[in-house]
> 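One structure is given below, represented as structure tokens, and several questions about it will come after.
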Amino acid sequence: MRVLLLIFSNFILSFCYASEDEFTFGGHVRFNFDHRDWINVEDRARFEFESLKLTVKGNSGPFLIKADYRWYENVDFDTVKYADITYPINNNWKLTAGITKVPFGLLPTVSTSFWFSLNYYLGFEDDYDSGVVLNYEDSNWDLYLGYFFNDEYDKPSTFGRFSFDVADNGVFRNKENGQFNAQANKKWQWDDNDVTTLIGVSYQYGDILNLDTLQTGEHWAYDIHMRHTHGRWKFELEYLEYDYQLAHPFGLVRDRLILSAFNFPFPVASEGHTYLANIVYTLPYSSSIVDSVTCYSEYGQMDSDLPNSSKSIQWVNGCVVGSGKLFVYLDNISGKNMWFSGGSSIGLKFPDSDEWTNRVNLNIGYYF
């Protein structure tokens, strides 16, 4: 897969130099401080270089090309986030192919915070896979239809990735093996131009291949979402249900699967439903130094009807301050049975499932 990415990069660069079309390069450099109350006292606080991102975006003839590659120093891996090509068929229709965003849930993300929502850690927010997406958009509707062949690397044992995907940890050995996605969003622009509403639904269905039995299971998910903006306020709601019917070997429990990203595999309940509710407010404040201040409260909860299940909660409260190309995120993340927030899983019962954890996270990034 990395060979293909190298070929794709050379393909992009050849257009940059061979055509008169303009390509732009960008990225970010970020540093991170956090304090985690579930870690040994001597290791709770840390400050480190977090990540470097490089992007390219431009056009050659009718084609729009973009790519994003990242190096995460704090968890020691590098990965592609996306690399795709778009053909605008006309003013309303466009076709995109490559490692591209899966059209599911509130787009581009359901979260404003640096930490993302609970759905991101389940693979249902800001997810990128290898496939093709057809998109129609006008002033009233935004429609998507996509097919994805596999995850971005087609290597479920590769844990160093940005998107959370079905993984092979040596015991629970599954891989994504074809997936259909459909989404429809209805948009309203009210008489007051500061008031907009979007209501939409998403559906996802795909095959999951077990690498031991070589039999195919399946999974499905759907969500209903809403985003309402009123001046400086933004309100977001999302309800999601998902279910994995897996072809595990005989004797292996079927109430879980393994997801992975950021170099870590972890167990997730094989079925469940989530509730998200966000409130975002942009303060009426700016100065010679500060361009914008946006604060938010983002609540996510996941429940499952499985016998060995346990509720997972993630609640993020914070603000982001913008100054030119510098953005500073200060988040307080409270979690219960929540992976990446001190928990052992998402949705399953473990000895620490009833324990609340707290992380204070400060991210300083220069975006160019």
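Side-chain atoms are counted along with the backbone in the values below, which use heavy atoms only and exclude waters and symmetry mates. For this chain, numbers begin at 1 and follow the sequence in order.
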> Please list all pairs passing the disulfide (SG to SG under 2.5 Å) test where one or both residues lie in residues 187-302, with sequence neighbours left out.
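Every pair satisfying disulfide (SG to SG under 2.5 Å) with a residue in residues 187-302: Cys295-Cys319.
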> Are there over 12 heavy-atom neighbours, none belonging to Lys53, within less than 6.0 Å of that residue's NZ?
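Count over threshold, so yes.
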> Can you list the residues that meet the side chain to side chain contact (heavy atoms under 4.5 Å, CB included) rule with Tyr281, with sequence neighbours excluded?
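Tyr281 satisfies side chain to side chain contact (heavy atoms under 4.5 Å, CB included) with Arg232, Trp233, Leu283, Pro284 only.
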> Could you go through Phe116 and Tyr121, starting from their C-alpha distance and side-chain angles, then the distance that decides it, and tell me whether this counts as ring pair (Phe, Tyr, Trp, His ring centres under 6.0 Å)?
CA-CA 8 Å; Phe116 287 95; Tyr121 302 92; 7.6 Å; no
> As a test of understanding, state which of Asn337, Ile39, Asp37 forms a side-chain contact (heavy atoms from CB on, under 4.5 Å) with Thr357.
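Of the listed options, the one satisfying the test is Asp37.
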> Taking the ring of Phe77 and the ring of Phe262, is the distance between their centroids below 6.0 Å?
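When the ring centroids of Phe262 and Phe77 are compared, they turn out to be within the sub-6.0 Å range.
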> Tell me whether Asp154 is salt-bridged to Lys175, with the criterion being a basic N under 4.0 Å from an acidic carboxylate O.
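Result for this pair is yes, salt bridge flagged.
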> Flag yes if more than 12 heavy atoms outside Lys234 fall under 6.0 Å of its NZ atom; otherwise flag no.
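It does: Lys234 NZ has more than 12 such atoms within range.
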> Looking only at non-hydrogen atoms, find the nearest pair between Arg161 and Lys155 and report the distance.
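Heavy atoms of Arg161 and Lys155 come nearest at NH2-O, 2.7 Å.
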> Which is it for Asp331 and Arg359 under the salt bridge (charged side-chain N to carboxylate O under 4.0 Å, His left out) test, yes or no, and what are the steps along the way?
CA-CA 8 Å; Asp331 292 330; Arg359 180 198 300 253; over 6 Å; no
> Just verifying a value: how many Å separate Asp127 CG and Asp129 CG, rounded to the nearest 0.5 Å?
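Reported to 0.5 Å precision, the distance equals 4.5 Å.
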> Is any NZ, NE, NH1 or NH2 atom of the basic residue among Asp84 and Lys66 found under 4.0 Å from an Asp or Glu carboxylate oxygen of the other?
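A salt bridge links Asp84 with Lys66.
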> Hey, do the aromatic rings of Phe33 and Phe31 have their centres closer than 6.0 Å?
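No, the ring centres sit 6.0 Å or more apart.
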